[in-house]
Undergrad: 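Supplied in structure tokens, the structure appears directly below.
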Amino acid sequence: MTFSALRLARQLLSPRMGWLVLSLLCGGLASGCLVPQDDHVLQDLPQLNHPPRIVEDGLSPQPRLINTDKACGELQFSAPVEDPDLGDLLVTQWFLSDFANTTPLNPVQQEAITNATGQAIRKDPAAFTLRLQDAANPLLPGLHVVELLLSDGTVINRVPQPRDVPFDGGTGILTYTTTYAWVVNVADTGVCP
Amino acid sequence: MIARRWSLGVALSLGLSSGFSLVGCAGLFDKSPPPHVTCRSDLDCANTEVCFVDGCGDPGKTIAVEVTPSARNGAYPQDFALDGLKATQTFRLYAPSQLQGALLRDQDSGGPLPYDGPVSLVLSGQSTIIPGLSRHFEATLNTAQTLATGTYSLAVGSGVYAISATPSDPLLPPLFEASHEVTPGQSEHIDLVFPSTGALAQLSGTVVRSLGQPSSDALQIQAFDPDGAPRSQPAVLGSDGSFTLSVTQETLALQSLNLRVSPVDPQALLPTKIFPVAPVDPLAPLELGDFGAPLTLTSKVVDGSGKAISGAAVHLEGSVIGGGTFQSAVALTADDGTFQLQTLASATPGSLVLFAVPPATSASGILVDQTLAVDGLTPLPVTLVCPDKVQLTGSVLTPDSTPAVGVKVTAVPVAALDPKNLSAPLPSAGGDATTDGTGAFSLLLDPGQYRLDFVPSTKLPRLSRFVDVTPDDAQTPGNSLVEVPPFTLSHGRSATGHVEILAADGNTADVAALARVRFYRQVDNGDTPSSVLLDQAYADANGDFTVLLPTR
């Protein structure tokens with residue numbers, strides 16, 4: 001066995017067979033280009049940004065439909081928010097609209113939530129107080145929508161603005177948004193509740 | 001646990017006015033004046049004390065904690081008053097408190113029977129331990145259990161509540177109790193007993209526009225006692241203005257009653273009017289008054305420099321001709337600042353007040369115009385000029401008196417500067433900013449009383465202070481400036497804890513993951529108790545949490 005292997009090697013390295021070996025080597029390398037490289041080329045690019053999330057298990061109030069009266073002072077809304085991108089500044093926008101109206105573009109409250117703990121879930125929830133009686137807050141009796149829009153970047157007129165962080169092959173990091181809405185039925189019976 | 005039968009008489013004997021004082025949820029914060037601050041930083045206090053919003057105090061005392069489990073554990077908050085902070089706080093939650101009892105209707109003969117119709121049960125109130133925390137629970141009672149046994153049960157958070165029970169049968173007056181306390185882990189027994197047919201009486205009459213001219217408008221009418229408690233359900237007027245209210249015999253025995261006539265559709269161009277009457281059947285005609293034909297108003301909302309304000313919310317409210325009151329729908333200004341609004345005519349010039357509220361991000365503030373004549377002859381001014389907001393500037397220092405950089409500053413409106421002065425109403429929104437490299441911040445705000453919350457990005461605790469934002473009288477163009485002295489943050493200490501919830505057997509406890517934990521300091525404002533948030537956190541998967549509290 002050993003003898004045969006040595007003899008084969010000697011023949012292959014002889015000047016007469018060298019050309020043949022070289023041709024086979026080049027052919028092999030060339031054909032290597034045709035070998036599927038899917039495992040490497042088509043692998044997912046590392047995700048530059050992840051979407052934030054409204055943690056519905058911690059929403060307050062829990063029911064989506066709330067019945068109240070104008071005399072009842074205020075309603076407090078809050079929602080835990082999280083984002084696996086620990087450094088992202090989360091922006092909350094609260095919209096208030098009549099049920100029948102078109103989607104409002106101007107938030108009644110906008111706030112940024114920083115990450116003080118280094119955990120995905122932010123320490124401070126998104127929070128909004130709906131005052132039912134204020135002169136500056138002209139709520140007619142009827143159905144109203146309180147909507148929370150959460151984003152991990154700037155949102156203007158409900159349109160997410162890409163963050164100005166250029167990366168190879170793109171123009172910026174996408175800004176993600178997510179929403180949650182409550183329907184508030186405001187009665188006008190003059191009685192609380 | 002107090003078990004008692006809640007009859008209509010007992011329920012309604014409690015005045016609504018006291019109910020408002022208890023459940024005017026915004027009230028506790030809104031109406032309380034800013035406290036007399038005796039310190040500006042911890043250095044003004046004794047060695048062991050911290051400068052809080054209401055002055056120097058022991059940082060380990062007068063702390064109350066609200067713990068709200070996640071939805072999967074029943075999101076019913078429970079409150080804990082801490083005698084003092086320990087190394088680790090463990091909060092063991094009870095199973096949700098229950099409001100339960102019988103759901104019955106008295107019979108003219110024999111004992112009461114289970115009431116078989118749907119009943120809307122609403123609780124609205126606030127925490128007993130942490131004043132200012134509003135709470136609201138509601139349910140429609142028509143479950144199989146209710147129908148089969150004549151009993152009901154509703155899980156609620158702890159607190160003190162006004163409770164109303166409104167049956168779907170419009171002939172049955174609602175039950176109302178102004179104040180009822182629910183303690184953690186306890187069952188509160190309240191029987192809901194609706195009156196029998198024989199205990200009911202009718203109160204009929206007609207609403208007219210003017211004498212001899214019945215109202216054919218889509219209106220409804222409801223009876224209230226002088227304290228504001230409902231004595232009937234709303235009844236829709238017939239096409240000839242006639243109505244019949246179903247009330248109890250007890251209601252007819254009252255000396256006076258307020259009948260409130262209002263549009264069925266809140267957007268309708270119809271007035272609301274309240275008629276104090278002696279409850280005698282039949283009633284004399286109720287004259288709504290000739291409120292005239294609807295008017296269409298147009299104008300343009302601009303800022304101090306004449307630039308159009310887009311997205312401003314404009315509406316009118318006040319008294320109209322005929323003696324009623326009216327609130328218009330809200331019109332949003334277009335990109336060019338113009339708007340169109342439909343209204344009724346004002347009773348007198350200025351009796352209808354116009355409000356224009358620019359978007360929260362605008363540098364212009366709320367316009368309140370009490371001079372308009374809305375009579376169909378006088379057009380609105382071509383432009384309505386919103387005043388500039390007030391610019392509030394200040395700075396934040398660390399406990400070492402160095403600039404505190406990156407501190408989030410949030411202004412929360414808590415009261416109007418003068419509640420009797422309609423021209424400067426309580427702002428509906430505040431604002432937020434972040435301190436720059438010198439620790440400075442700037443906010444554009446409407447005039448009012450605000451609570452400033454400072455949330456540092458570093459390991460320092462949050463800080464709250466009250467400020468008055470008052471415009472200067474100089475009428476100089478541009479935003480008037482209010483500069484406040486520097487605010488100094490306190491040192492912080494971490495307080496860890498654990499939240500668990502008792503299982504149904506009452507012996508074992510499960511981890512309360514994602515429970516919301518909020519630490520409050522009870523604030524002594526002199527006349528009205530209130531509370532200020534110290535820190536908050538969510539429990540992790542193990543039920544553990546960490547908060548940062550002020551210390552010396």
Side-chain angles (χ1 to χ4, degrees), chain A residues 55-63 65-69 71-76 78 80 82 94 96 98 100-101 104-117 119 121-125 129-142 186-193, chain B residues 16 19-20 23-27 68 70-72 75 120 122-124 133-134 136 138 162-164 176 222 224 228-230 234 260 262 266-267 311 313 315 317 327 329-330 353 355 357 359-361 366 368 408 410 422 425-429 432 434 455 457 514 516 535-538 540 546:
Chain A
V55 186
E56 295 195 16
D57 207 19
L59 290 172
S60 177
Q62 275 289 321
L65 175 62
I66 301 141
N67 293 290
T68 187
D69 189 274
C72 288
E74 68 181 32
L75 288 173
Q76 293 172 349
S78 70
E82 67 177 11
W94 292 87
L96 181 61
D98 292 339
N101 279 2
L105 297 178
N106 292 307
V108 292
Q109 179 179 304
Q110 176 170 317
E111 200 171 359
I113 297 179
T114 55
N115 189 356
T117 61
Q119 295 182 353
I121 189 164
R122 303 311 198 241
K123 195 171 184 175
D124 291 323
T129 298
L130 175 62
R131 292 196 169 95
L132 298 160
Q133 282 183 308
D134 293 352
N137 185 25
L139 278 182
L140 279 175
V186 179
D188 190 18
T189 58
V191 177
C192 182
Chain B
L16 181 64
F20 282 156
V23 297
C25 312
T68 307
S70 67
R72 70 186 60 184
S120 172
V122 181
L123 288 83
S124 190
L133 278 189
S134 66
H136 181 94
E138 62 184 74
I163 305 171
S164 74
F176 185 81
Q222 188 175 12
F224 298 89
R260 185 172 186 271
S262 60
Q267 306 261 357
H315 82 285
E317 65 178 276
Q327 180 181 327
V330 175
V353 182
F355 295 85
V357 185
T361 52
I366 299 170
V368 183
K408 182 184 160 195
T410 306
L422 193 61
L426 172 65
S428 53
D432 71 329
T434 304
V455 183
S457 57
L514 202 63
R516 183 186 186 188
D535 200 14
Q536 58 187 335
Y538 287 95
D540 62 16
T546 302

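Reminder, nothing fancy here: chain letters follow the sequence lines and each chain counts from 1.
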Undergrad: Flag the one option from Ile366(B), Asp535(B), Val455(B) with the top tally of heavy-atom pairs under 4.5 Å to chain A.
TA: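 Most heavy-atom pairs under 4.5 Å with chain A: Asp535(B).
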Undergrad: Which atom names give the shortest non-hydrogen contact between Val108(A) and Ala360(B), and what distance separates them?
TA: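 Minimum heavy-atom contact is O-CB, 3.6 Å.
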Undergrad: Please look at Glu111(A) and chain B and tell me whether the side chain, the backbone, both or neither of the residue comes under 4.5 angstrom of a heavy atom of that chain.
TA: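 Glu111(A) touches chain B through backbone and side-chain heavy atoms alike.
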Undergrad: Examine whether an atom of Arg516(B) lies under 4.5 Å from a heavy atom of chain A, and if so say whether it belongs to the side chain, the backbone or both; otherwise answer neither.
TA: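 Interface part for Arg516(B): side chain.
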Undergrad: Identify which part of Ser262(B) has an atom lying under 4.5 Å from any heavy atom of chain A, answering side chain, backbone, both or neither.
TA: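 Neither the backbone nor the side chain of Ser262(B) comes within 4.5 Å of chain A.
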Undergrad: Go through Ser60(A), Ala112(A), Pro107(A) and name the one with the most non-hydrogen pairs under 4.5 angstrom from chain B.
TA: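 Answer, by heavy-atom pair count under 4.5 Å with chain B: Ala112(A).
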Undergrad: Report the residues that fulfil side chain to side chain contact (heavy atoms under 4.5 Å, CB included) with Val353(B), sequence neighbours left out, ordered by chain and then residue number.
TA: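 Counting only residues at least two positions away or on another chain, Val353(B) forms a side chain to side chain contact (heavy atoms under 4.5 Å, CB included) with Phe355(B), Val368(B), Gln370(B), Leu422(B).
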Undergrad: Kindly say whether Leu139(A) contributes a backbone atom to a donor-acceptor pair with the side chain of His315(B) at under 3.5 angstrom?
TA: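 Not at all, since once roles are kept as given, no pair shorter than 3.5 Å links the two residues.
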Undergrad: Where does Ala75(B) contact chain A at under 4.5 Å (heavy atoms): side chain, backbone, both or neither?
TA: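 Looking at Ala75(B), just its side chain touches chain A.
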Undergrad: Contact part of Pro63(A) toward chain B, heavy-atom cut-off under 4.5 Å: side chain, backbone, both or neither?
TA: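 Neither the backbone nor the side chain of Pro63(A) comes within 4.5 Å of chain B.
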Undergrad: Minimum heavy-atom separation for Asn67(A) to Val122(B), with atom names?
TA: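 For Asn67(A) and Val122(B), the tightest heavy-atom pair comes out as O-CG1, 4.4 Å.
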Undergrad: Under a 4.5 Å heavy-atom cut-off, does chain A meet the side chain of Glu138(B), its backbone, both or neither?
TA: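 The answer is the side chain of Glu138(B).
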Undergrad: Got a second to check how far Glu74(A)'s CD is from Ser124(B)'s OG, nearest 0.5 Å?
TA: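 The CD atom of Glu74(A) sits 10.0 Å away from the OG atom of Ser124(B).
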Undergrad: Hey, what do you get for OH (Tyr538(B)) to CG (Asp57(A)), rounding to the nearest 0.5 Å?
TA: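 Output value for this atom pair is 11.0 Å.
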Undergrad: What's the separation between atom CG in Leu140(A) and atom CD in Gln327(B), rounded to the nearest 0.5 Å?
TA: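 Leu140(A) atom CG to Gln327(B) atom CD measures 4.5 Å (nearest 0.5 Å).
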Undergrad: Given heavy-atom pairs under 4.5 angstrom as the criterion, report whether the side chain, backbone, both or neither of Thr546(B) touches chain A.
TA: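 Looking at Thr546(B), just its backbone touches chain A.
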Undergrad: Tell me, side chain or backbone of Asp540(B) under 4.5 Å from chain A's heavy atoms, or both, or neither?
TA: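 Looking at Asp540(B), nothing touches chain A.
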Undergrad: What part of Ile121(A) gets within 4.5 angstrom of chain B, counting heavy atoms only: side chain, backbone, both, or neither?
TA: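 The side chain, not the backbone.
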Undergrad: Under a 4.5 Å heavy-atom cut-off, does chain B meet the side chain of Pro80(A), its backbone, both or neither?
TA: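 The answer is both parts of Pro80(A).
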Undergrad: Let's test your reading of the structure: which of Pro266(B), Ala537(B), Ser120(B) forms the most heavy-atom pairs below 4.5 Å with chain A?
TA: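 Greatest number of close heavy-atom pairs with chain A: Pro266(B).
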Undergrad: Shortest non-hydrogen contact from Pro427(B) to Arg131(A)?
TA: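 Scanning both residues, the minimum pair turns out to be O-NH1, 4.0 Å.
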Undergrad: Can you tell me which portion of Leu65(A) sits under 4.5 Å from chain B's heavy atoms? Options are side chain, backbone, both or neither.
TA: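 Contact with chain B involves the backbone of Leu65(A) alone.
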